[in-house]
Amino acid sequence: MKHRGRGTAPQAQQAASDPLEHNALAGVAERVKAFQARHLTPDDVAVENEDAPVVQVVQLIITQGLRDRASDIHLEPHGKVVRVRYRVDGALREQIELPGAIGPAVVSRIKVLADLNIIERRRSQDGQIRMRIEGREVDIRVSTVAVVGGEKVVLRLLDKSRPLFRLEQLGMAPELAERYAALLRTPYGMVICAGPTGSGKTTTLYGSLSEIDSPERNIMTIEDPVEYSYASINQIQINEAAGITFATGLKSILRQDPDVILVGEMRDAETARIAVQSALTGHFVLSSVHATDTATALHRLLDMGIETFLVASSVSAVISQRLIRRICLNCREYYEPPAPEVAFLRSTGAAVPLGGLIRGAGCDQCAQTGYLERTGVYELMPVSDTIRELVVDRAPLAEIRKTACYEGMRTLQEEGARLVQAGVTTVAEVVRSIYTVGMQ
C-alpha cells in the first residue's frame, strides 16, 4: 500500500507538529492487514460492526478527505490496487493505493452506508450518506459504476458546517458585485447563473439569496439536492420516487404565493418553460444552466425549445463563472514570465506588472502545488434592449458576445487576467480553467 502525502489542509501547522494526528490515512495500513487476516467476502461487510477493519478504512478515507477540503473522493480499481484520489481546489491528486483484494469490501461498506444494493455490481447506483465526522455534519453523494476491474465509486462531500458566502466573499470585482446586487433587487424577471459542473454555481445562487433574504419576502427553492439549509427560506428537495421533480415542484411553488423562486437547475424544456413563465408573471427567479459563458446560456434556453420572445422578455441578466485556484500565500514568489504568458496577457488587454508575475513555489501548506483555496471568476451580462433584439432574431453567439462587450461586459478571460495582475492566481491556472484555446 502506497501513500501519496498528506495533501492540502487548513490544519497544516498542526500537521507539522503532529503529522500522524492530522494524517488519518496513517492508520489505514494496519486496518488493511487486519482485514486480510480475516478472509472476509464483500457480502460479509453488511453485518460488520463499527470496529471492523474495512469499516474503519472507509471512515479514515472520508475523514482525511474532509480534513483536506476535498470536494470529491474517487476510489478506482486497477488490477492489483485500488487507487484513492481526492479532488482538492478543483484538481485531482492521488492520495493512497489500497490492495485490490480489499476493494470490493470497501465498495460494499459504502453501499451499506448509502442504502444501496450490495449484490448489484453491474449497474450504476446513486445514493446518499449522512454522517458526523470530527464534530462536523457531512452529506455525501455516492455514485457507483462498473468498470474494467471492478466498481468505481465517487463520493461528493458536502460539509454542512461550511459557512455560506455573501457576494463580497465570492471573488467578484467590487464594481461587478455592485451591479449584480442591483440586478438581484429587481421585483421580477430571471437571473441565470451559467457554468460547467463544479464551477461554483450553487454557491453563487446561495450568496444571491443571502443578499435579498428579508422577512418581507417569501423565498422558495426547488433543489437537487438541498446542499445547505436556510432557517428563513422554504426549500424543497427533489424526490423523483415521490413524484417531486423540478417541473412538478415548481408548479407547487407557484401556488404558495412566492416572491422569489430559486430553481436549482433548468435541466429540461418543461422546467425552463415554467421558470420563464414565472419570471413573466411577477416573480423574481434565480436558476442555473450548464453553459460555457453568458451568451451560450441564452442559446441553451432556445435549444430547449423556449420561444425567442419569451427568453428575451424574461431574462434580466446572465452571470457566467469559473473557479480558479489561488496562489498559496505561504510560498509566493516573483518570476519573469515566459513569452507565451506575456502574449496571453496582451491578448486580454493586460500587461505584465513591474517586477514580474507571482506564483507559488510549493510548500507543505499547499502540498507542493503552489495553490491553496479557490476564488470565483465572473462574467456579467445584463440583457439590454439591443441584446433582446438579437435573441429574438436568433443572432449568432459571436454577435451577442460582441454586443455585450461593447456595452461594458468584461469577459472571463479579462477577469482572469486581472487576477493574474493582482497576484491572486497564475496564467497557467487561467488557461487551465477558463481559456478555451491552449497556449502555443
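Everything numeric here is computed off the predicted structure, so don't read it as measured data.
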Checklist entry - Among all residues two or more places apart in sequence or in another chain, which pass the side-chain contact (heavy atoms from CB on, under 4.5 Å) test with D115? => result none
Item to check | Given R141, R93, R156, the one that forms salt bridge (charged side-chain N to carboxylate O under 4.0 Å, His left out) with D72 | outcome: R156
Checklist entry - Between R185 and E211, does at least one N-O distance fall below 4.0 Å, as a salt bridge requires? => result yes
Checklist entry - Among V142, V145, V106, which residue meets the side chain to side chain contact (heavy atoms under 4.5 Å, CB included) test with V153? => result V142
Next on the checklist: With a 6.0 Å cut-off (strictly less than), is the heavy-atom count around CZ of R123, excluding the residue itself, greater than 12?
Outcome noted: no
Next on the checklist: I'd like to check the salt bridge (charged side-chain N to carboxylate O under 4.0 Å, His left out) partners of E399; sequence neighbours left out, ordered by chain and number.
Outcome noted: none
Item to check | Other residues, nucleotides, ligands: >12 heavy atoms within 6.0 Å of Y335 OH | outcome: yes
Next on the checklist: Using modelled atom types and a 3.5 Å cut-off, is there a donor and acceptor pairing between side-chain atoms of S347 and backbone atoms of F344?
Outcome noted: yes
Checklist entry - Can you list the residues that meet the salt bridge (charged side-chain N to carboxylate O under 4.0 Å, His left out) rule with K201, with sequence neighbours excluded? => result none
Checklist entry - Between R267 and E265, does at least one N-O distance fall below 4.0 Å, as a salt bridge requires? => result yes
Item to check | Name of the residue among V263, T204, V191, L205 meeting side chain to side chain contact (heavy atoms under 4.5 Å, CB included) with S288 | outcome: L205
Checklist entry - Listed by chain and number, what are the ring-ring contact (aromatic ring centres under 6.0 Å, His included) partners of Y180, not counting sequence neighbours? => result none
Item to check | Matching residue for D293 among Q413, R401, Q321 - test: side-chain hydrogen bond (donor to acceptor under 3.5 Å, both in side chains) | outcome: R401
Item to check | For S287 against M266, the heavy-atom pair lying closest together | outcome: OG-CG, 3.2 Å
Checklist entry - Does a side-chain N-to-carboxylate-O contact under 4.0 Å join E120 and K111? => result no
Item to check | Salt-bridge criterion met for D139 and R130 (N-O under 4.0 Å) | outcome: yes
Next on the checklist: Less than 4.0 angstrom from a charged side-chain N to a carboxylate O is my criterion; do E76 and R83 meet it?
Outcome noted: yes
Checklist entry - Are the charged groups of R69 and E373 less than 4.0 angstrom apart, N to O? => result yes
Next on the checklist: Strictly distance-based, threshold 3.5 Å: is any side-chain N or O of T369 a donor or acceptor partner for the main-chain N or O of Y371?
Outcome noted: yes
Item to check | side-chain contact (heavy atoms from CB on, under 4.5 Å) against L329, all qualifying residues, sequence neighbours excluded | outcome: R332
Item to check | Sole residue of R374, R326, R325 in side-chain hydrogen bond (donor to acceptor under 3.5 Å, both in side chains) with E429 | outcome: R325
Checklist entry - Considering residues at least two apart in sequence or located in another chain, which fulfil the salt bridge (charged side-chain N to carboxylate O under 4.0 Å, His left out) criterion with E333? => result R359
